[in-house]
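In what follows, every heavy atom counts, from backbone to side chain, and hydrogens, waters and symmetry copies are set aside. As the structure is a computational prediction, the values presented were derived from the model and not from experiment.
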Amino acid sequence: DTTSPEAREALKSGSIFGRAFWVRAVGALLGRDAEGPVEQASRRQLVARQATSLLPEDAEFAFAQTPLRDAAYSLLTRKERLRLHARAADLLEPRARELGRRVTILAAEHREAAEQDAAAARLWAQASWEAYRQGAYVEALGMARDAQRLGEGANAAIQSVRCLVALGQYDQAVAEAEEVLAMPELSPGDTHKALYQLASVLERRGDFRKSIEIFQRVLDTAPAEAMRLDVLAARCGCHYRMANYAEAMSDVEEIRRGA
């Protein structure tokens, strides 16, 4: 093997990112410039430069074969893996807002690989929200489940319910919303959110009367103003569908006063 020690170290660090990696990011892990060693590995056809890069202004390379990446990764001790995955997450996380969900997901995966479960759960929840806002409900649900698995609690459970509603899985959404409401020491804010999702499911099912009752439960417990206006708007819709026009107009007037 004529690969230089510098190139071998660069490949070991690059393997932390998976089959694809980035030259400057590898340099940050190593604490020195990695361009020369990576180019040497490229000349030996161990890695290949990619036409595009997930990280702007940082060249992306990929291992020529998955077994090559796996072999490089296997040379890292457990302690090294934990340290490097945590460092990779430190590099990626600040760029997640700028570069979007794929980078958020990568950061979450590295936090989890570093056994930083609380930080990973928070990032999975964040990625789930990003996917949900973009209409990728199946993906959003999967990432909310990951956040739940790592202990994110009521926040992730409510997000799962929200995704189930969007996917039309109403029976499961009702069951999980009720599970959230049964959680001990549930905060008032989370209680409002869980009740709102439960009422939303019932509304979509056409059970407007029950939905109105639950919306009233939220209003009776003094929710935050933004939540109060959302509840009033949803309740107004239920009243309208039940031909309760006077009640619907009353909600409209209250919304106008609060807007």
Exercise for the section: Check whether the ring centres of Phe17 and His110 lie less than 6.0 Å apart, and answer yes or no. Expected result: yes
Would you say that [X] contacts [Y] through its side chain, given a criterion of any heavy-atom pair below 4.5 Å between the two side chains?
{"X": "Tyr245", "Y": "His239", "result": "no"}
{"X": "Gln148", "Y": "Gln159", "result": "no"}
{"X": "Leu141", "Y": "Arg162", "result": "no"}
{"X": "Leu91", "Y": "Leu29", "result": "yes"}
{"X": "Val47", "Y": "Leu11", "result": "yes"}
{"X": "Leu123", "Y": "Glu109", "result": "no"}
{"X": "Leu99", "Y": "Pro56", "result": "yes"}
{"X": "Val252", "Y": "Leu232", "result": "no"}

Problem - Residue among Asp207, Leu164, Val174, Asp171 satisfying side chain to side chain contact (heavy atoms under 4.5 Å, CB included) with Val201 - result: Val174
Closest non-hydrogen atom pair between [X] and [Y], with its separation:
{"X": "Asp90", "Y": "Pro94", "value": "O-CD, 2.9 Å"}
{"X": "Ala86", "Y": "Gln116", "value": "CB-NE2, 3.6 Å"}
{"X": "Pro37", "Y": "Ala10", "value": "CB-CB, 3.9 Å"}
{"X": "Ala140", "Y": "Ser128", "value": "O-OG, 2.7 Å"}
{"X": "Glu60", "Y": "Leu54", "value": "OE1-N, 2.9 Å"}
{"X": "Ala107", "Y": "Ala89", "value": "O-CB, 3.9 Å"}

Run the salt-bridge test on [X] and [Y] with the 4.0 Å N-O cut-off and return the result as yes or no.
{"X": "Glu139", "Y": "Arg101", "result": "yes"}
{"X": "Glu93", "Y": "Arg122", "result": "yes"}
{"X": "Arg24", "Y": "Glu35", "result": "no"}
{"X": "Asp251", "Y": "Arg256", "result": "no"}
{"X": "Arg83", "Y": "Glu80", "result": "no"}

I need the [X] [atom1] to [Y] [atom2] distance, nearest 0.5 Å.
{"X": "Cys238", "Y": "Arg235", "atom1": "SG", "atom2": "CZ", "result": "9.5 Å"}
{"X": "Ile214", "Y": "Leu198", "atom1": "CD1", "atom2": "CG", "result": "4.0 Å"}
{"X": "Arg111", "Y": "Leu106", "atom1": "CZ", "atom2": "CG", "result": "12.5 Å"}
{"X": "Asn244", "Y": "Met249", "atom1": "CG", "atom2": "CE", "result": "13.5 Å"}
{"X": "Asp70", "Y": "Gln65", "atom1": "CG", "atom2": "CD", "result": "11.0 Å"}
{"X": "Asp230", "Y": "His192", "atom1": "CG", "atom2": "NE2", "result": "13.0 Å"}

Handout entry: Pair listing, ring-ring contact (aromatic ring centres under 6.0 Å, His included) test, anchored in residues 23-66, at least two apart
Key = Phe21-Phe63
With a 3.5 Å cut-off and no angle check, do the side chains of [X] and [Y] form a donor-acceptor pair?
{"X": "Trp124", "Y": "Glu112", "result": "yes"}
{"X": "Gln172", "Y": "Glu176", "result": "yes"}
{"X": "Asp220", "Y": "Gln216", "result": "yes"}

Are [X] and [Y] grouped together when hydrophobic residues (ILVMFWY) are joined by side-chain heavy atoms under 4.5 angstrom apart?
{"X": "Tyr240", "Y": "Leu229", "result": "no"}
{"X": "Tyr196", "Y": "Ile255", "result": "yes"}
{"X": "Met227", "Y": "Tyr132", "result": "no"}
{"X": "Met143", "Y": "Val103", "result": "no"}
{"X": "Leu195", "Y": "Met183", "result": "yes"}

Practice task
Could you give me the CA-CA distance, side-chain angles and deciding distance for Leu76 and Ile16, then say whether side chain to side chain contact (heavy atoms under 4.5 Å, CB included) is met?
Solution key: CA-CA 9 Å; Leu76 296 167; Ile16 279 291; 3.8 Å; yes
Main-chain N/O of [Y] paired with [X] side-chain donor or acceptor, under 3.5 Å:
{"X": "Glu213", "Y": "Lys210", "result": "no"}
{"X": "Ser211", "Y": "Phe208", "result": "no"}
{"X": "Thr191", "Y": "Ser187", "result": "yes"}
{"X": "Asp58", "Y": "Ala25", "result": "yes"}
{"X": "Arg8", "Y": "Ala72", "result": "no"}
{"X": "Thr221", "Y": "Val218", "result": "yes"}

Practice task
Could you go through the side chain to side chain contact (heavy atoms under 4.5 Å, CB included) check for Val180 and Asp190 one step at a time?
Solution key: CA-CA 9 Å; Val180 174; Asp190 286 336; 5.7 Å; no
Handout entry: Glu115 and its salt bridge (Lys or Arg N to Asp or Glu O under 4.0 Å) partner, picked from Lys79, Arg78, Arg81
Key = Arg78
Handout entry: Cation over ring face, Arg69 and Tyr73, 6.0 Å, 45°
Key = yes
Is it the case that atom [atom1] in [X] sees more than 12 heavy atoms from other parts of the structure closer than 6.0 Å?
{"X": "Arg149", "atom1": "CZ", "answer": "yes"}
{"X": "Arg217", "atom1": "CZ", "answer": "no"}
{"X": "Arg205", "atom1": "CZ", "answer": "yes"}
{"X": "Glu185", "atom1": "CD", "answer": "no"}

Practice task
Could you walk me through whether Thr3 and Gln40 pass the side-chain hydrogen bond (donor to acceptor under 3.5 Å, both in side chains) test, one step at a time?
Solution key: CA-CA 8 Å; Thr3 306; Gln40 182 192 88; 5.3 Å; no
Exercise for the section: In sequence, state the C-alpha distance, the side-chain angles, and the governing distance for Arg241 and Glu203, and then conclude on salt bridge (charged side-chain N to carboxylate O under 4.0 Å, His left out). Expected result: CA-CA 10 Å; Arg241 289 174 177 83; Glu203 179 186 1; 3.6 Å; yes
Exercise for the section: Quick one: do Leu55 and Leu92 satisfy side chain to side chain contact (heavy atoms under 4.5 Å, CB included)? Show the steps, please. Expected result: CA-CA 9 Å; Leu55 304 182; Leu92 292 167; 4.2 Å; yes
